[in-house]
Amino acid sequence: MSDEIQLTPRREHLEPLVPNQMKWDFVLVCDKHKPGSKKEAKRKQFLEELEKKGFIIKEIEDKKLFYGVHAPSEIFQKYQFLLRNPDGGLQNHHMQEDVPITTRIHIVNFILQNTEISCEDPFGGKQEQRRGSNPETLRRLIKAKVFEAAFPLHEQGELRILLKRNWAQWRKILKEQPIEPIRSYFGEKVALYFVWLGWYTRILFPAAVLGPLVFLYGCFHFDSSQVSKEICEANTTIMCPLCDQNCPFWQLSDTCTYAKVTHLFDNEGTILFAVLMALWATVFLELWKRKRAEVVSDWELYWWDEDEEELALQLINNPEHTLKEYQHSYIRSTILLLLVLLMITVLIGIAHGLVIYRVVATVVFTQSNFEFIRERASTVAVMTGAVLHYITIIIMTKVNRRVALFLCDLETPRTFSERENIFTVKIFTFQFFTYFSSLIYIAFFLGRINGRPGNYVRVAGKWRLEECHPSGCITDLFIQMAIIMTLKQTLSNLVEYLTPWLKLRFLKSLANPTNKDKVHTEKGPQDSCKEQWLKNYQLSEVNVFSLFDEFLEMMIQYSFTTIFVAAFPLAPLLAFFNNLFEIRLDAIKMVQLHRRIVPRKAKDIGIWLQVLEAIGILAVIGNGLVIAITSDFIPMQVYKYTYSPCKLQKRTDINCLTGYINYSLSVFRVQDFEWQMKLPEKLPDFMRSGITECRYRDYRNSDDYNYSVQFWHVFAARLAFLILFEHVALCIKLIAAWYVPDIPQSVKNKHLKKKYENLQRELSIMDRSTEV
């Protein structure tokens, strides 16, 4: 039988004020430290500080020490008085205290996290005495292994059962979420996350339908594209070798299938889809602002002030708290900016490393003994590069977090919410470059900075950079995005779910055989407390980043869905199906697999809204650049209306893109190859005589290899389209933002009537007092 110790017997009469199952607001867990050790002394000192604030503490001894913490009612009375009871609407109220349990947990957590103890050691030397000027908080004590964990308890009542039955079930994947019970159990911040995620998924449905339609349009024209036909029939067009070491000349018709696949994504429907997605991103944000206003108004948190609440909690915790005012240092800001730029440079350097990998891999695969790999060396290099990119994403995500936290500490934010905002901006910036640096290279630089035959740009003077396929680079971008997005939404979610599930199953399997008999013999309320605490302790740990990680994951997905959607029109469909599972996955984790997350109040999704707006602007720029630079849409239009037979010969009996492939390929004389080029001694089977010329993708003159007139025509057309597209798309975004008000008129009228009624009431009170 385990020992149980009541540390505060003088307050025993206060315990019956609350039901037994809601008795303990928090549980602290620690190892059994050696008596007289520093860790033991700090633990006792921290618990004594809580006692001084009126907390009831109960100890249960098992393999570890568990301390139940119950806060005095005076704390919540002060909170209600200072903030004039900001809680409204349906909440899970306490039986005896008019404070929602979510607010209660939030207040207790704040006091625990901000309770300080002195670092002085009465038996230590001068070095330990000097440390006393820097007090320790619970966060530092956990880091120093004085305590192992601190968490609120999951309820055993009907509300959690309701959430398990109606929300945290895979079979409820198509059912509407019970937002009010979620709010009552996890607080407004978590509830707003699920409101946003559900709303995002709902608005994503039209884009998820439109994307496959663009793909199907390409499928219907799979065999009818004039460009694909010319590539498939170009068995007399000899292309220059793809590498320097004994790579053969090859026929353009060898890439017939690749050209047809490219047309699935690079067609006329892509342009319209990109414009519509820019409009969709704006409409989604404006509709979300309206939805948020309605939800927060119903929760009576429309005028809630986070800074005011944090100040009130500081005063409740310590009436002598010194106000920390706003400060700004240009020197510190400059240093932080330089450090951020340094980190971004490192991330771009990693993307360059991936480029070098693809360059070397292409050479290696080209010389492979397997014909399948040898013939598709470039595609295999891109695919393996995408997998390697995903691995670097996993590694750099952990590095980015540590760097962002370090920079936050340097910035010394004033409040927790300010720290959260600063951290959000930094980590999203780092993650954005981690995910998209390689994609940006493929989209806008691949095949454009590699030089030409006879004058290639080389890595370390040895390996030449990659080239685009004659039908364009957009398929390479599609492959990269498809692999990364698929791996992220499958492997990451599997790990996210299976890790806590397997851990819980393992711990239960260890506990059941040894404790099965004891559970039936131990009786009484203390045993039920111990059982509940142990069950909660076995669940996976949560921290301040738990909800943050969910938001960050969705922001990266939103970036994939909007920024390069012109190259990957199936992205909205993948995101839609992923979100259907993501909602239930997060629900199951929070209700069944993880410890209870600390509730927090919120009236919006915070700085994530600004992140969404920034992504919307990047989506306009990114899709405009993809169409103008990555896609072959502009060169084909220039040819069609300037150099085609329809224009020059006034012919109407043929497709106006006839001859486009020959127009887009330049001629190179084999005798002008560089010294690094080692041509194979044996001629290809399709050649009966020596090869004197080969073709490559570019617009250059055949005599001096300078850019031709066609190049400058195409360049001017790309630039003009980019400017026009972005201005039109941004104008559409501005018109949509103006057309859809952020706040519904019903919400405005509701608050207007409330103000009017309050003024009327005050006026009537004043009139009655004057008459008296």
Side-chain angles (χ1 to χ4, degrees), residues 225-263 266 358-359 361-363 365-368 371-382 446-458 463-476 632 635-636 639 657 659-674 676-702 705 708 710-711:
S225 168
Q226 179 63 29
V227 175
S228 300
K229 284 183 179 179
E230 291 192 2
I231 292 177
C232 294
E233 296 171 358
N235 52 12
T236 59
T237 302
I238 310 303
M239 303 299 293
C240 296
L242 295 175
C243 70
D244 296 335
Q245 304 299 318
N246 297 319
C247 283
F249 294 93
W250 52 285
Q251 293 174 302
L252 181 58
S253 57
D254 293 343
T255 58
C256 175
T257 303
Y258 194 97
K260 290 181 177 181
V261 171
T262 298
H263 188 68
D266 191 4
R358 285 195 295 268
V359 169
T362 301
V363 176
F365 293 145
T366 304
Q367 300 173 356
S368 172
E371 183 179 356
F372 179 84
I373 296 178
R374 187 169 60 250
E375 292 179 351
R376 298 164 180 81
S378 180
T379 304
V380 175
V382 171
L446 177 62
R448 293 168 182 85
I449 60 173
N450 61 309
R452 60 169 178 82
N455 189 25
Y456 283 115
V457 175
R458 300 177 183 276
W463 299 291
R464 74 191 209 199
L465 294 179
E466 305 164 272
E467 299 180 38
C468 282
H469 185 268
S471 60
C473 288
I474 202 165
T475 302
D476 293 337
D632 263 13
M636 285 191 291
Y639 175 80
L657 288 177
Y660 170 74
I661 289 298
N662 184 64
Y663 156 83
S664 64
L665 297 176
S666 297
V667 178
F668 179 76
R669 297 185 296 273
V670 175
Q671 64 184 18
D672 295 334
F673 270 125
E674 302 160 285
Q676 292 98 332
M677 178 66 71
K678 294 182 180 179
L679 299 175
E681 297 179 1
K682 183 180 179 182
L683 289 176
D685 296 336
F686 55 82
M687 292 301 299
R688 296 182 179 179
S689 59
I691 300 175
T692 59
E693 293 180 343
C694 61
R695 308 296 296 273
Y696 62 100
R697 176 185 168 90
D698 209 340
Y699 297 96
R700 292 181 181 270
N701 299 319
S702 58
Y705 303 124
S708 62
Q710 290 87 344
F711 170 84

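Residue indices begin at 1 and follow the sequence shown. As the structure is a prediction and not an experimental result, all values here were calculated from the model.
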Can you list everything that forms a side chain to side chain contact (heavy atoms under 4.5 Å, CB included) with [X]? Sequence neighbours excluded, please.
X    : value
S708 : Y699, N701, Q710, F711
V380 : F365, R376, T384
S253 : N235, Q251
C694 : C240, F249, F668, F673

Open item on the list: List the residues meeting ring-ring contact (aromatic ring centres under 6.0 Å, His included) with Y696, not counting sequence neighbours, and say none if there are none.
Closed with: none
Open item on the list: Taking salt bridge (charged side-chain N to carboxylate O under 4.0 Å, His left out) as the definition, give me every residue that meets it alongside R669, ordered by chain and number, with sequence neighbours left out.
Closed with: D672
Task: Nearest heavy atoms of T255 and L252, plus distance in Å - done: OG1-O, 2.9 Å
Task: Smallest separation among heavy atoms of S228 and A259, with atom names - done: OG-O, 3.4 Å
- [ ] Answer yes or no: is there an ion pair linking D632 with R697, defined by an N-O contact shorter than 4.0 Å?
- [x] yes
What pairs with [X] under side chain to side chain donor-acceptor pair (under 3.5 Å), at least two apart in sequence or on another chain?
X    : result
S702 : none
E233 : none
R700 : D698, Y707
K229 : none

Can you tell me how far the [atom1] atom of [X] sits from the [atom2] atom of [Y], to the nearest 0.5 Å?
X    : Y    : atom1 : atom2 : result
Y639 : I661 : OH    : CD1   : 10.0 Å
K260 : I231 : NZ    : CD1   : 11.0 Å
I238 : L665 : CD1   : CG    : 12.0 Å

Open item on the list: Go through it in stages, so that I can follow the logic: the residues are Y660 and M636, the test is side chain to side chain contact (heavy atoms under 4.5 Å, CB included), and I'd like the CA-CA distance, side-chain angles, deciding distance and then a yes or no.
Closed with: CA-CA 7 Å; Y660 170 74; M636 285 191 291; 3.5 Å; yes
Under 3.5 Å, side-chain donor or acceptor atoms of residues 448-457 against the rest of the protein: list the pairs with distances, not counting sequence neighbours.
unit_1: R448; atom_1: NH1; unit_2: L446; atom_2: O; d: 2.9
unit_1: R448; atom_1: NH2; unit_2: I629; atom_2: O; d: 2.5
unit_1: Y456; atom_1: OH; unit_2: E467; atom_2: OE2; d: 3.4

Open item on the list: Taking the side chain as everything from C-beta on, heavy atoms only, tell me whether V667 gets closer than 4.5 Å to R695.
Closed with: yes
